[in-house]
Each structure stands twice: as structure tokens, then as C-alpha cells.
Undergrad: 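I have a structure here, written as C-alpha cells, and I will follow up with some questions on it.
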Amino acid sequence: MSKYLDDLNVPQREAVIHRDGPIMIIAGAGSGKTKVITTRIAHLMASGVDAFNILALTFTNKAAAEMKERIEKILGGTEARNLYIGTFHSVFARILRGEAPRLGYPSNFTIYDADDAKSVIKTVVKELNLDEKQYKPNIVLNRISLAKNALVGPEEYMNDGFLQQEDARSQRPEIGRIYRAYSNRCFKNGAMDFDDLLFKMHDLLTGFPECLSKYQHKFKYVMIDEYQDTNTVQYEIVKLLGAMHENVCVVGDDAQSIYSFRGATIENILQFQKDYDEIKVVKLEQNYRSTKNILNVANQVISFNKGQIEKKLFTENIEGEKIKLIRTMTDNDEGKIVADTIQELKLRNHFYNNDFAILYRTNAQSRSFEESLRRMGIVYKIYGGMSFYQRKEVKDFIAYMRLVVNPRDEEAIKRVINYPVRGIGKTTIDKLVLIANNNNSSVWDILTNAALHGFKSGTLECIDTFVTMIKMFQSELVKKNAYDLSVIIGKSTNIVKELFNDKTTEGLARYENVQELLNSIKEFTETPMNIEDGEVGDKSLGSYLQQIALLTDTEDNKENADAVKLMTIHAAKGLEFPVVFVGGLEETLFPSAMSINTREELEEERRLFYVAITRAKTKLHLTYANARYRFGQLQQNEPSRFLEEIDTAFLEKSYAGNASRNNAASSWGQSSAAERMRRGFGSTTNNAAPATKTIINIPLARPQTKEHVPTANFVASETADLQEGLRVEHQKFGFGKIEKLEGASHNPIATILFDINGEKKIMLNYAKLRILEN
DNA sequence: TGTCTGGATGTTTTT
DNA sequence: CATCCAGACA
């Protein structure tokens, strides 16, 4: 046997060698799951299975890329490129691009992201004359998404007594109608949302037997990663694809199931065993990642959940250090202590930035960590949050491309028809949409025949200019590659020039973002075609759009950059780091206030905590703050209930208030000598310039304020005591004089002339002011 | 038609 | 506190 098998333990090898027939691998955290899948695929190929006949589905592009890379490493050569490895969404999008016409969609169909989808919902709610307050896009989209993930179409939704009751109870009885209208609208626009990529794939396989047969023959071996996170559609599709050869291999860990809000159900693991007569089950229980201490804590935490698949995770690694549990006064202190600790570990134990990860429950928590890291000059990178492709200027530019590729894309038209300003305003747009609806045609059709629909001559002229321009782009579509065409678009629309002329900091950032977009298109155009893109592998704009629609910049990796990584726990799944900080272990935050109403919800939060803990290899720090800013207000929180579930013998508790290097100087507390020194020397008065360039997702520029360091004994004065003419101190803007007090008593507003930052209007409910004595 | 602004609203988690 | 949006006005 080949030598790659030598590195495997007994159950791992068993899983790898098993060739035909269904197999389920229950893989505990850190048990070498990825290694098993990749080795298994490599082994299949080595034993004669054609790479073209292997399908591997993952949940993130990153996981897919990593797998491909590791298989290539095992096998050498380029054969691994012929594998079908990708996320559910990207693989299905690729297949649908070829098959969409069967379903009545153009093969150039647009993929709507969540923002596009919400916008369509908003339009539809308006057109149905429903209350927009009642039917908020977010809530409605969530509901529709769950329905699609459960394979419930609009008609079925409306006929389902239970769903109807639920909607009635939540005062939203019309969601079914919205769902139907939304689906129709997307169809009309030639667009699919994320969930459609799964839903329509299922339609394709069930509605067209010849299609089903084609892909069953093609994918003789099917592998699914993170099986515990599959939802109903995904489960059904896998079942369909695997039905002919039954060579289905699923890998999962019920203890790490954290996506039930997306319709995932652990039931799929149990169901899988019932779907086939004979199924092999392998359990991977040896953990190679973490110290005994870390694993003990993880095992203890998860033991509070009922109903798990039995398994006992163990490790032969060293005992390791105790887990540090750190309490701080505020979220800002939490940020400081984490940054300080990182600095200390770097100096003392020679860690690199890369060795650290800061994990949290919600994206909003990144702020305090960012600030502290930046202040200390520690390079960091935030994963998740707003993606590059979601930025307004980037989306606007992309909308032009979308429109050129798919003129039926109404959302794209609405975005660009008056950007840059060309005299086609809201009134005209509303009219266009109305006419299109009445004539049962697309907005683009109306635009191209605008003269027939009684617009004023001035408006008509504007429309004509716009249409002519878009048509010009369209005529270039086949002749030019994605990059050349996008350059033409940038020039002809004046977008690039307009942004260039905007010399504000924000404008500059926007200009740079658009340049960055053009660079990425150039890169796409120049990268040699990958066989994996088989059916769609051209360098056209359409091909490019398809690709970026499913890209999140979580995986847009410059892996080699040495940076501390910040991300949500969800985003951290599947990753590991030598040193892990888990922040915000407070009631209402973690577990989230939204998820403490049922046992199921709470157990999912606990699994999430389990995932967080098991990311750590050698050092784990848990932190929580007595109080933190939420909704602009300081909020007190109890420590997370999960902390009580950990045996204190595993913990080393500390209170940041006593830490020698970092007196818990909260924003208004006393500052320590060390801190005053740092202010005095290290940082300059403005913007505390970092020693090293900080890596962030292309900064969204903010108007510059010269940062003010609050006086040591800053204590906010009562709002009632403030008077015009008084000298005051503001935490951020510094010293100044109250010019004017105005606004209602419940929302007073002060106009203050600051010494260094000029005149500002301050809402006193939020900002704290200190009256200066004498 | 475009720009300004007060008021409402928001925080789970993601492909 | 930041962002988004509807209505007011230019």
C-alpha cells in the first residue's frame, strides 16, 4: 500500500480504504477529518477511479480549496484539478448555468445576494399594498429561505395549515403571497437567490430524469463534508445523486452542528443510516489538535447537552496549561487585555501574529478588539463582516456588468439607471416598473421602447442615452473579455472619473475600491483557465459574475500575511490556532438573547461554544466584561451560564483590574502609569499611528477626527447641569465650549466649538461631557 | 429631480 | 452610535 496510508490511525485508515458502498464518518473535533477525506479521495484516484467521477461538497470555498491543495500534494501532478470539489452553492451554480434553460431561466442568470433579495422583497411588499413595517425584508426573507431549504414551494407554503398558523400568530399572514410574488419576480428577472441554487438544482434532478441520470453517472463517488450542517434540500439532492451507485461518504460531527438557523438538521445524520441497507460507520475519536486541558473543558461543556451520538474524544497530547478566564470592566478593557496578552506572548514565547485568533459571537464585537490591536501596532485581519463585493461603489459597478449580461435583471437596472446622475429619477423609475408590470414585460423592454409609453421628451432623451450606452456594452460582450469590457464601462459611464474627482477621504477609498475591483477582473481574465470551470470556463463577463457572486472575502486569502485573525465562531469552524481568545462570554450575548427560549436553541449555542473551545491547540483564553456598549448604551451583563459549567480546577481566573501591565482603566476610570507612559511616548496625539501597517479589509475612510485622550479623572457630568457658554470635555473630540443647547428635553443636542476639531453637534443622550471646573 | 435631515431602527450566526 | 429612509424643501 502507498505510504500516505502510513500516517493514519486505525479508524482513519478504515475510513480511507473503504471504497464502495455508503459510509458515515463521525469525526470529533481535531480528529483529522480533512486528512481522512483528502486521503480517501487520493486513494480512490490511486486505485483507478477517474477524478472526473468524484464529487466532493463542502460548505465554504476555503475548505474546498484546502482539500484540493492537499490532494494535489499527496498525488502530485495535475490530475486533482479534474475533481469536482466545491461548495454546494458553487457546484450547483455551475451545473445550473448549463441546465437553467430547461427550467426557463437564461443560462446567464443572475445570482442575487441577500441585499438584492431584500430589495426585491421590499418592492413586492409595496406592490401587494402590505404594511412595510409588518413585513420587514429581513424577517420575510428568513422565512422564505427556511421554506426553500425545507423544499416548500410557494403554493405548498400557502396550503400548509401549520405554516399559515405560525404566520397568523406572528401577525404576518401574507408571507405566502409575498413568497409567491417574490419567486415570480426573481424568475422574471432571470435571477436566482442563494437558496434557489439548491432548490432549483433539486427541481432539475426531480423534474428531468435524463438530467438525474446524467449526473448520477458522472458522480460515481460523492463525498459530503460537515454533514451535520446539511438542510433538507441538500440532504435530498445528495440522496438523489447517490442513489445509483450508493457510493456516498458523509463526514460530520453532531457536536459541531451550528447552522440550524439555516435549516440544517442533525436528523440528516440519523436518517442517512436508514436510507441504505448496509452502511459502514467509522468514529474518529482521537484528537490531535489540543492539550488535555482544553479537551477536558470541551468535553465537559458539551456533556451538558442531551441527546448526542455517543463518542469519547481523547488525546495523547500533553496536559498543557489551564484555561485562562479573564473578567474585565468593559468591552474596551476586554480589547485591551487581549491585545496586551498577545503582545506579551509574542515577546515571551515568540509567537507570531498568525498564531492568534480572537473569536466572538457577533460581528459587532470586533470593534473593541480592533481598536486595541491598532493602538498596540499589532497587525490583524478581520474575516467576515461586509464583503468587498457588498460595498456600494463596487456593487454599483458590478450592477452595470450584471445588466449587460442579463438585461432582465431589474435590480441591476434600478441601481444604475440614475448612477451617475443622468436625470432619470424616482418618479420615472416607478413609472417604468409599473408599466412593465402591467404589460407583463421587463423594465428593459419598456426602456428600449420608451417612446411608446408617453414619457416627456426630456426624460425620453435621458432614457435613450442610457439605453444606447448599455446596448453598446452588450455589443462588445462577445468581442471583449471581462477586463476590457469593464474598463469600457468604467470610462463610458464616467464612474471612474467621478470617483477620481471626489477628493474626500471617503471618495478616495471608493476610488481605490473600484480600482481594486478592476484589478480583480484583470486577474480573472489573465489566470489560465481551470478545468474545474469546464462548462463555463470562458473569460467573459458572465463567467466572472458567476464566480464572484458566491465569493465571500472570508476566503479571499493572503494567508501568508502575518496577522492576528478576528472572526465569528461560525466563521472559525474547521480552523485551528495555537492561541485562541473567546470574547464576550456574557448572558444575552453568548448565549445570545435570541437563543435561550428553547432547549434546542440553547444547546446549539453550547455547541457553538464547544466549537470555539476546540479551535485552540495550546492556549485558550476566555474573557467577559461586566458591562459593554450595545445600541450605544452601556449595558450590564451577567457572566455566561456556560462558564459555570466548567470545573474551576481547569481554570485560572483573573480580573483585568489587577493585571500589572494593564490597570483596568476603563474609558472613565483611573489610568495606570504604564498606560499614561504609552500615551506619552508611543502614540502620537492623532490617530495613534501603528508601528506596522495594519491590515484591514480596505478601510472605509471616515472623516478625520483628531483623537483626544480623555483626562485621567474623566467623569461625565449630568446633562441637566450643562449650560450654554460652559467649557466642557468630550471623550473623543477633546475640549470645547458649548455654543448652543437645543432639541427636545428627551433628546437634547449641544453645538460645541472644539479647540482642535471645530464645531460639532452632539446628541447628549449618547455622548458624555465633563464640565471643566473654573 | 436632487439634497438635506430628523426619526426610526438595529445585533445573531452565512452560502 | 451608525445607518438608512421618508418626507420636506430648494
Side-chain angles (χ1 to χ4, degrees), chain A residues 57-64 86-93 111-115 117-118 122 132-133 136-138 141-142 145 148-149 192-198 226 229-231 233-234 257-264 359-367 383-387 392 418-429 456 458-459 462 549-552 554-555 567-573 584 588-596 601 604-605 607-608 611-612 628-635 700 702 731-732 743-744 746-747 749 761-763 765-768:
Chain A
L57 296 174
T58 65
F59 276 81
T60 63
N61 293 307
K62 188 169 186 173
T87 63
F88 279 89
H89 295 266
S90 68
V91 167
F92 295 167
I111 297 174
Y112 278 169
D113 67 14
D115 286 334
K118 279 182 222 164
K122 235 170 127 178
E132 292 175 64
K133 295 267 177 319
K136 289 187 188 140
N138 246 327
L141 180 61
N142 251 325
S145 173
K148 282 186 188 167
N149 287 326
M192 296 193 199
D193 66 15
F194 285 150
D195 302 312
D196 283 332
L197 295 176
L198 309 177
E226 309 279 13
D229 287 328
T230 51
N231 53 36
V233 216
Q234 290 165 326
S257 161
I258 53 174
Y259 281 103
S260 72
F261 69 91
R262 203 163 77 182
L359 310 181
Y360 34 75
R361 179 68 240 264
T362 65
N363 281 305
Q365 284 167 261
S366 67
R367 204 220 61 217
Y383 291 81
M386 168 125 61
S387 139
K392 214 186 297 125
N418 203 31
Y419 170 79
V421 176
R422 56 170 70 85
I424 307 178
K426 201 175 167 307
T427 329
T428 311
I429 297 172
K456 276 187 262 167
T459 315
C462 297
L550 297 166
L551 222 59
T552 56
T554 311
E555 47 245 341
M567 65 185 92
T568 64
I569 300 166
H570 281 89
K573 195 166 76 150
T588 75
L589 189 61
F590 195 12
S592 156
M594 323 286 278
S595 310
I596 48 174
E601 286 174 347
E604 176 146 321
E605 293 286 303
R607 289 194 294 271
L608 194 55
V611 168
R628 73 173 56 234
Y629 278 96
R630 280 177 98 186
F631 298 108
Q633 221 114 31
L634 200 62
Q635 199 185 74
L700 284 176
R702 296 231 179 83
Q731 285 196 50
K732 224 193 270 170
H746 63 276
N747 185 24
I749 295 167
K761 287 202 170 186
I762 308 280
M763 293 171 83
N765 283 347
Y766 300 114
K768 298 284 173 256

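Chain letters run A, B, ... following the sequence lines, proteins first and then strands; every chain starts at 1.
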Undergrad: Can you check the A:Arg262 CZ to B:dT15 P distance for me, whole Å?
TA: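 Roughly 7 Å, once rounded to whole Å.
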Undergrad: Starting at CG of A:Asp195 and ending at P of B:dT14, how long is that distance when rounded to a whole Å?
TA: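 Value for this atom pair: 15 Å.
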Undergrad: Tell me the interatomic distance from A:Met594, atom CE, to B:dT11, atom C1', rounded to whole angstroms.
TA: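 One finds 8 Å between C1' of B:dT11 and CE of A:Met594, rounded.
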Undergrad: In whole angstrom, what separates A:His89's NE2 from B:dT15's C1'?
TA: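 The answer, rounded to whole Å, is 4 Å.
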Undergrad: Could you tell me how the ring of A:Tyr259 sits relative to the ring of A:Phe59: parallel (under 30°), tilted (30 to 60°) or perpendicular (over 60°)?
TA: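 A:Tyr259 vs A:Phe59 ring planes: parallel.
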Undergrad: Does B:dT15 have its OP1 or OP2 closer than 4.0 Å to a side-chain nitrogen or oxygen of A:Ser90?
TA: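 For B:dT15, OP1/OP2 do not have a side-chain N/O of A:Ser90 under 4.0 Å.
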Undergrad: List in chain and number order the residues that pass salt bridge (Lys or Arg N to Asp or Glu O under 4.0 Å) with A:Arg628, two or more places apart in sequence or in another chain; answer none if no residue qualifies.
TA: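 Expected list: A:Glu334, A:Glu586.
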Undergrad: Rounding to an integer number of Å, can you tell me how far A:Lys62 NZ sits from B:dT14 P?
TA: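 Nearest whole value for this atom pair: 14 Å.
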Undergrad: Does B:dT14 have OP1 or OP2 under 4.0 Å away from a side-chain N or O of A:Thr60?
TA: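 So the side chain of A:Thr60 is outside the cut-off, no N or O lying under 4.0 Å from OP1 or OP2 of B:dT14.
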Undergrad: Check the distance between B:dT14's P and A:Leu141's CG and give it to me in whole angstrom.
TA: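 The distance from CG of A:Leu141 to P of B:dT14 comes to 15 Å, rounded to the nearest Å.
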Undergrad: Considering only side-chain heavy atoms of A:Ala364, which listed nucleotide, B:dT13, B:dT11, B:dT12, is closest?
TA: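 So the nucleotide nearest the side chain must be B:dT11.
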Undergrad: Whether A:Asn363 contacts B:dT11 is assessed here as follows: a side-chain N or O lying under 4.0 Å from the phosphate OP1 or OP2. Is that the case?
TA: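 Checking B:dT11 against A:Asn363, no side-chain N or O comes under 4.0 Å of OP1 or OP2.
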Undergrad: From C-beta outward on A:Phe194, which listed nucleotide comes closest to its side chain: B:dT15, B:dT14, B:dT12?
TA: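 Of all the options, the side chain of A:Phe194 is nearest to B:dT15.
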Undergrad: How many Å lie between CZ on A:Arg361 and P on B:dT12, as a whole number?
TA: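 Computing the A:Arg361:CZ to B:dT12:P distance gives 9 Å.
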Undergrad: Tabulate protein N/O versus nucleotide N/O from nucleotides 2-5 of chain B, keeping only pairs under 3.5 Å, one per line.
TA:
| unit_1 | atom_1 | unit_2 | atom_2 | d |
| --- | --- | --- | --- | --- |
| B:dG2 | OP2 | A:Asn418 | ND2 | 3.1 |

Undergrad: For B:dT1, take OP1 and OP2 only and decide whether either is under 4.0 Å from a side-chain N or O of A:Thr428.
TA: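 Result: yes.
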Undergrad: For A:Glu226, what residues pass the salt bridge (Lys or Arg N to Asp or Glu O under 4.0 Å) criterion, not counting sequence neighbours?
TA: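 For A:Glu226, the residues satisfying salt bridge (Lys or Arg N to Asp or Glu O under 4.0 Å) (neighbours in sequence not counted) are A:Lys33, A:Lys573.
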Undergrad: For a side chain to side chain contact (heavy atoms under 4.5 Å, CB included) with A:Lys118, tell me which candidate from A:Asp193, A:Asp113, A:Asn138 qualifies.
TA: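 The option that passes is A:Asn138.
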Undergrad: Would you mind telling me which residue lines up with the more 5' stretch of DNA chain B, A:Thr87 or A:Thr427, judged by nearest nucleotide?
TA: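 Counting from the 5' end, the first nearest nucleotide belongs to A:Thr427.
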Undergrad: Suppose we screen for salt bridge (Lys or Arg N to Asp or Glu O under 4.0 Å). Which residues come up paired with A:Asp195, at least two apart in sequence or across chains?
TA: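 Not a single residue meets the salt bridge (Lys or Arg N to Asp or Glu O under 4.0 Å) criterion with A:Asp195.
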Undergrad: Return the value, rounded to whole Å, for the distance between atom CG of A:Asp196 and atom P of B:dT14.
TA: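 Atom-to-atom, A:Asp196 to B:dT14, this comes out as 21 Å.
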Undergrad: Taking only side-chain N and O atoms of A:Lys136, does any of them lie within less than 4.0 angstrom of OP1 or OP2 on B:dT9?
TA: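 No, outside the criterion.
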Undergrad: Quick one: salt bridge (Lys or Arg N to Asp or Glu O under 4.0 Å) partners of A:Lys133, sequence neighbours excluded?
TA: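 With neighbours one apart ignored, the set is empty.
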Undergrad: Suppose we screen for ring-ring contact (aromatic ring centres under 6.0 Å, His included). Which residues come up paired with A:Tyr419, at least two apart in sequence or across chains?
TA: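 Applying ring-ring contact (aromatic ring centres under 6.0 Å, His included) to A:Tyr419 gives none.
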